[in-house]
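To start, the structure under review is shown below, and the notes come after it.
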Amino acid sequence: MLKRLLRYLLNYKSNIFLVVLAQLLYAVFSIFTLSMIVPFLSVLFGQVDQVTVRPEFSLTTRYVIDTFYYYMGVVIARYGQMSALFYIAGVMILLSFLSNLCRYMGMFWLAPIRSGILQDLRHDLYERILILPLSFYSEQRKGDIISRMGADVQEVEWSVFSSLQSLCRDPFLIIIFVGTLFAINVPLTLITLIILPLMGYGLAAIGRGIKKYSLKSQQLLGRMSSLFEEAVGGLRVVKGYNAEEQTYEKFKHENFQFYRLNKRVFRINELGAPLVEFLCILVLLLITLMALVWLPTSATMKGTVFMLYFVVFARVIPPAKALVTTYYTLQKGMTAASRVYEIIDADEKICECQNPMAIHTLKDSIEYKDVSFSYGEGQEMHQALHHINLTIHRGQTIAVVGPSGGGKSTLVDLLPRFYDITDGELLLDGVSVNKYKISDLRSLFGIVNQDVILFNDTVYNNIVFGMENVTEEQVIAAAKVAQAHQFISEMEDGYQTVIGDRGTRLSGGQRQRISIARAILRNPEVLILDEATSALDNESEYSFQEALMPLVKTKTAIIIAHRLSTIRFADEIIFLKEGSIVERGSHDALMEARGEYYHFYTAQTEA
Ligand code: ADP
């Protein structure tokens with residue numbers, strides 16, 4: 001998992017180099033800044049080493065220190081002690097400025113990496129969501145998927161970012177600071193190095209606690225956004241059925257669980273800092289006492305140098321702690337990442353074969369040969385279609401009728417491969433649909449569904465949706481056939497009116513007409529109307545039919561209709577019941593047979 005995330009990093013090689021460089025410089029400059037404490041305090045307490053002769057050049061710390069003291073001696077002798085203090089303060093300010101500048105530059109160059117990884121991850125995820133088959137979404141909760149796109153990606157971002165920041169900086173800080181500690185005093189530092197890992201171990205225990213709860217908390221968050229989504233989407237029903245109380249109780253329960261978990265994570269999280277501070281004081285005092293007992297201080301270390309030791313020691317702790325925490329932050333991030341990758345890795349199921357065939361026109365026929373289809377797998381399998389045999393010749397109009405749940409929508413969903421058949425053969429011009437290029441295949445069909453999906457965009461863009469190179473005249477012509485032109489023209493900005501989220505500002509009939517215009521504009525080879533006119537009242541359905549008829553007559557069409565009066569003209573009527581074709585024939589023949597269709601029809605006309 002980590003490897004996959006690191007792969008995203010490869011795109012940012014030069015930035016990573018810059019970040020590392022800046023952080024290295026930051027570590028070096030900050031140790032210089034800290035080292036200035038020694039001369040500062042020495043001057044303040046009048047304990048400056050007398051170096052009267054300029055030292056000979058050599059690559060040793062002794063040389064650097066002696067040279068420094070030599071010039072200090074010169075400054076003090078010439079300008080007095082106060083000036084020397086200003087002089088040292090000036091150097092300190094400069095060094096501190098440089099170190100913090102480097103630190104900032106490190107973050108500056110880290111920013112594109114951080115945001116970039118996030119962008120890449122979201123991109124992969126979104127692309128995947130568009131590719132995944134419809135069946136994926138009936139198995140998974142929508143809110144959960146949205147939560148994975150939002151909260152989990154955010155979590156990955158946060159953890160990767162803070163880990164990157166820590167990994168690019170803290171090792172250098174630790175190496176350079178510990179190196180300095182060794183340079184000052186070897187025995188003391190050896191003792192410190194034994195104590196530090198012990199502290200690390202304590203912190204690690206905390207990290208484990210956090211990890212345990214983080215997966216649970218992400219899962220709960222997913223469930224909660226599901227509930228939000230359901231509440232908002234189903235508000236009309238919730239209100240209409242007075243189910244506010246019940247819905248609220250359900251949410252309250254989940255929210256409470258989330259609260260408890262969060263509380264725990266927060267409490268464990270906050271344990272780290274006080275523990276570290278307390279341990280630090282403990283270790284510092286321990287070191288001081290040991291130094292007093294074991295080392296004749298005056299011989300090895302001056303008071304000022306001892307101060308430096310303390311200060312540097314105190315500065316080793318935060319990066320050491322950060323490194324330990326990073327390990328657990330990464331673990332937490334990985335839990336979130338695995339939830340994101342579950343989507344990215346989900347089975348495509350609807351796969352394009354190698355060397356797919358192109359198809360732009362239906363030359364001959366659509367043929368269902370002993371087709372069976374089941375939703376779901378294993379225990380939850382539900383067979384929706386049984387051994388369907390049906391041939392639709394080019395130019396024919398086929399109507400599919402029957403009780404709801406009979407499998408009508410499923411039958412047509414197989415054509416654009418929204419689902420793949422379980423058994424039998426589905427042929428276009430004698431070739432299995434699986435052999436064609438999926439995008440070609442889908443553009444053969446113009447589909448108008450019962451549940452109209454409009455996007456938060458202008459009317460115009462909703463009609464054009466997904467098409468390129470269309471003229472305004474074509475759009476208007478399509479709208480006219482769909483009987484949508486008039487009401488669109490009456491809207492405030494005509495075709496450029498933004499219709500709001502999911503088209504809630506339009507009536508059901510208006511939305512349906514827009515979606516019909518969308519299908520007409522495509523001028524598809526095969527028109528599929530799946531209860532396309534169900535939201536229209538009887539009268540407008542009639543006039544609509546009049547308008548649509550010429551189009552349907554020139555096309556191959558499959559019409560699923562509830563109102564049987566609208567499909568009397570069809571070449572063949574298929575009566576589907578419980579997934580099987582129980583009757584077929586023309587309207588007149590079926591009426592004469594006095595079977596299921598006849599009863600269905602008479603029941604409706606009488607009503
Ligand atoms: P119709 O269009 O005739 O009303 P459908 O084709 O929508 O019928 O449904 C046929 C059967 O398949 C029904 O029993 C329905 O419950 C089931 N079904 C439909 N869609 C799904 C799905 N996404 N997952 C599982 N079962 C489904």
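The figures here come from the full heavy-atom set of this structure, side chains too, leaving out hydrogens, waters and symmetry mates. All ligand and atom numbering here is 1-based and tracks the order in the structure.
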Discussion item. I want to know if ligand 1 touches Ser404 in the polar sense, i.e. an N/O pair below 3.5 angstrom.
Written reply: no
Item to complete: Just jot down the ligand 1 atoms closer than 4.0 angstrom to any heavy atom of Thr410, in number order.
Response: 5 (P), 6 (O), 9 (O), 10 (C)
Fill in: Side chains of Glu249 and Gln246, donor plus acceptor under 3.5 Å
no
Worksheet item: Is Phe418 in contact with ligand 1, taking contact as a heavy-atom separation below 4.0 Å?
Response: no
Discussion item. For ligand 1 and Ala384, I'd like to know whether there is a polar contact (N/O to N/O, distance under 3.5 Å).
Written reply: no
Discussion item. Rounded at 0.5 Å granularity, tell me how far CD1 in Ile567 sits from OG1 in Thr397.
Written reply: 11.0 Å
Discussion item. For the backbone of Val475 and the side chain of Tyr495, can you confirm whether one donor and one acceptor N or O come within less than 3.5 Å of each other?
Written reply: no
Fill in: Polar side-chain atom of Asp364 near backbone of Asp429 as donor-acceptor pair, under 3.5 Å
no
Worksheet, complete the sentence: ligand 1 to Tyr419, heavy atom cutoff 4.0 Å, flagged ligand atoms 23 (N)
Discussion item. Under a 3.5 Å distance rule, please check whether Arg513 uses its side chain to pair with a backbone N or O of Ala482 as donor and acceptor.
Written reply: no
